[in-house]
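Sharing a structure below in structure tokens format, with a few things to ask.
Along the sequence shown, residues are numbered consecutively beginning with 1.
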Amino acid sequence: MGNSKQAIQLFLQKSCLGRHLLNGYRWMKNPEYMRLLRRTEKGFKNAGRQAIERLVDIFEEQGIGYWLTFGTLLGAVREHRFLGHDDDIDVAIFEEEFSDDLLETLLQAGFRLYRRIDIYSKRGEIPGFEVCLLYEHCLVDLFIFHKHASQTDRIYTHDFVGNVIENGKTVMFKQPRRLWLPWTGIGRMEMCGRLMNVPANYEAYLSAHYGENFMIPDPLWTNLNLTHAENIPDAVGIVTNY
């Protein structure tokens, strides 16, 4: 029994599929996502480092104030590389720095659009979206952050839970949320053998999202009950698949 329990724990901690199971998503009912998951897990192992280096090169050439976020930031802080169970790249920029010109530059560099999620409510479109790119089957989540009108010590982005599937593809999320994170500006840290941008207050930033013990791997962590997540009432996330 002990060996079986250890094997299950190892699967949950090390496997990207196990991580998605733990997060409580219903992706397993989505054959399109499962095919992508298998492709991107292999693609990430083959092209993850090349993808993040190319992405950072473009941002720095364009003078974009990017930073590593979420799982990719966690890997940089813990190990200065991707975590063993990573299957995508998480990077962030502010809304005002995202443009059609930047997107065109990324497309010309070998990235391609996978999907975009926009927020709509009964009052119409709400500012806020997320863009997902692919680089040789390596998935890149580009999180768009926003500054608070009167509070300079925190910023927010969006995430989406409760996916709706039609014809094997996610077309909508039932609950968009704002994720509020502490912010003091941009610093630098070694990642994959080079310096990259990270939040200057990365410890507080990661503590807000993963808890104070973020340096200790927790295979039972889930993003479904985040204390810094604010549900957006009467809103949905509309997915455009490319």
* **Close side-chain approach of Thr184 and Asp153, heavy atoms under 4.5 Å** => no
* **Heavy-atom pair with the smallest gap, counting every atom of Ile89 and Ala51** => CD1-CB, 3.9 Å
* **All salt bridge (Lys or Arg N to Asp or Glu O under 4.0 Å) counterparts of Asp118, not counting sequence neighbours** => Arg116
* Keeping the roles fixed (side chain from Arg49, backbone from Cys192), state whether a donor-acceptor pair exists under 3.5 Å. => yes
* To do: Please report the closest heavy-atom contact between Ile186 and Gly65, naming both atoms and the distance.
  => CD1-O, 3.6 Å
* To do: List the atom of Leu139, the atom of Asp87, and the distance in Å for their closest heavy-atom pair.
  => CB-O, 4.4 Å
* Residue list, side-chain contact (heavy atoms from CB on, under 4.5 Å) with Arg81, at least two apart or on another chain -> Glu79
* Asked: How close do Pro176 and Val236 get, heavy atom to heavy atom, and via which atoms?
  -> CG-C, 3.4 Å
* Do Leu134 and Leu113 come within less than 4.5 Å of each other through their side chains, counting heavy atoms only? -> no
* Asked: Which class fits the ring pair Tyr156 and Trp180: parallel under 30°, tilted 30 to 60°, perpendicular over 60°?
  -> tilted
* Asked: Do Trp67 and Tyr202 have their ring centres less than 6.0 Å from each other?
  -> no
* Asked: Just by modelled atom types, is the Leu68 backbone N or O under 3.5 Å from a matching donor or acceptor in the Thr72 side chain?
  -> no
* So, Arg115 and Glu130, do they make that salt bridge, N to O below 4.0 Å? -> no
* Does Phe98 have any ring-ring contact (aromatic ring centres under 6.0 Å, His included) partners at least two apart in sequence or in another chain, and if so, which? -> Phe129
* Within-4.5 Å side-chain heavy-atom neighbours: Glu230 and Leu179 -> no
* Asked: Taking the side chain from Asn197 and the backbone from Tyr66, do they hold a donor-acceptor pair closer than 3.5 Å?
  -> yes
* Test item: Asp90 side-chain N/O and Gly71 main-chain N/O as donor-acceptor pair under 3.5 Å -> yes
* Within the distance-only criterion (no hydrogens, no angle test), does the side chain of Glu95 pair as donor or acceptor with the backbone N or O of Gly128 below 3.5 angstrom? -> no
* Where Ala208 and Leu181 come nearest, the two heavy atoms and their spacing -> CB-CD2, 3.9 Å
* Asked: Below 4.5 Å, heavy atoms only, C-beta onward: do Leu226 and His209 meet side chain to side chain?
  -> yes
* Leu102 and Glu97: side chain to side chain contact (heavy atoms under 4.5 Å, CB included), yes or no, with the steps? -> CA-CA 8 Å; Leu102 174 61; Glu97 297 205 88; 5.9 Å; no
* Short side-chain to backbone donor-acceptor contact, Asp86 and Asp88, under 3.5 Å -> no
* **Student check: side-chain heavy atoms of Phe82 and Ile52 closer than 4.5 Å** => yes
* Could you walk me through whether Met172 and Val239 pass the side chain to side chain contact (heavy atoms under 4.5 Å, CB included) test, one step at a time? => CA-CA 5 Å; Met172 184 178 74; Val239 178; 5.6 Å; no
* Asked: Could you go step by step and tell me if Thr152 and His148 meet the side chain to side chain contact (heavy atoms under 4.5 Å, CB included) rule?
  -> CA-CA 6 Å; Thr152 59; His148 193 278; over 6 Å; no
* Go through the steps for Tyr205 and Phe214 under the test side chain to side chain contact (heavy atoms under 4.5 Å, CB included), then give the verdict. => CA-CA 10 Å; Tyr205 189 103; Phe214 64 84; over 6 Å; no
* To do: Could you tell me whether Glu60 and Arg188 have a side-chain N and a carboxylate O separated by less than 4.0 Å?
  => yes
* To do: State plainly whether one hydrophobic cluster holds both Leu195 and Val91, where clusters connect Ile, Leu, Val, Met, Phe, Trp and Tyr through side-chain heavy atoms under 4.5 angstrom apart.
  => no
* **Heavy-atom check, side chain of Phe111 versus side chain of Ile58, under 4.5 Å** => yes
* Asked: Charged N to carboxylate O below 4.0 Å: is that the case for Arg194 and Asp57?
  -> yes
* To do: Indicate, with yes or no, if Tyr242 and Leu106 share a hydrophobic cluster defined by side-chain heavy-atom contacts under 4.5 Å among Ile, Leu, Val, Met, Phe, Trp and Tyr.
  => yes
* Would a 4.5 Å heavy-atom cut-off, applied to side chains only, mark Arg178 and His158 as touching? -> yes
* To do: Would you confirm whether Asn241, through its side chain, and Thr170, through its main-chain N or O, come within 3.5 Å as a donor-acceptor pair?
  => yes
* On the 0 to 90° scale, with breaks at 30° and 60°, tag the Phe70-Phe143 ring pair as parallel, tilted or perpendicular. => perpendicular
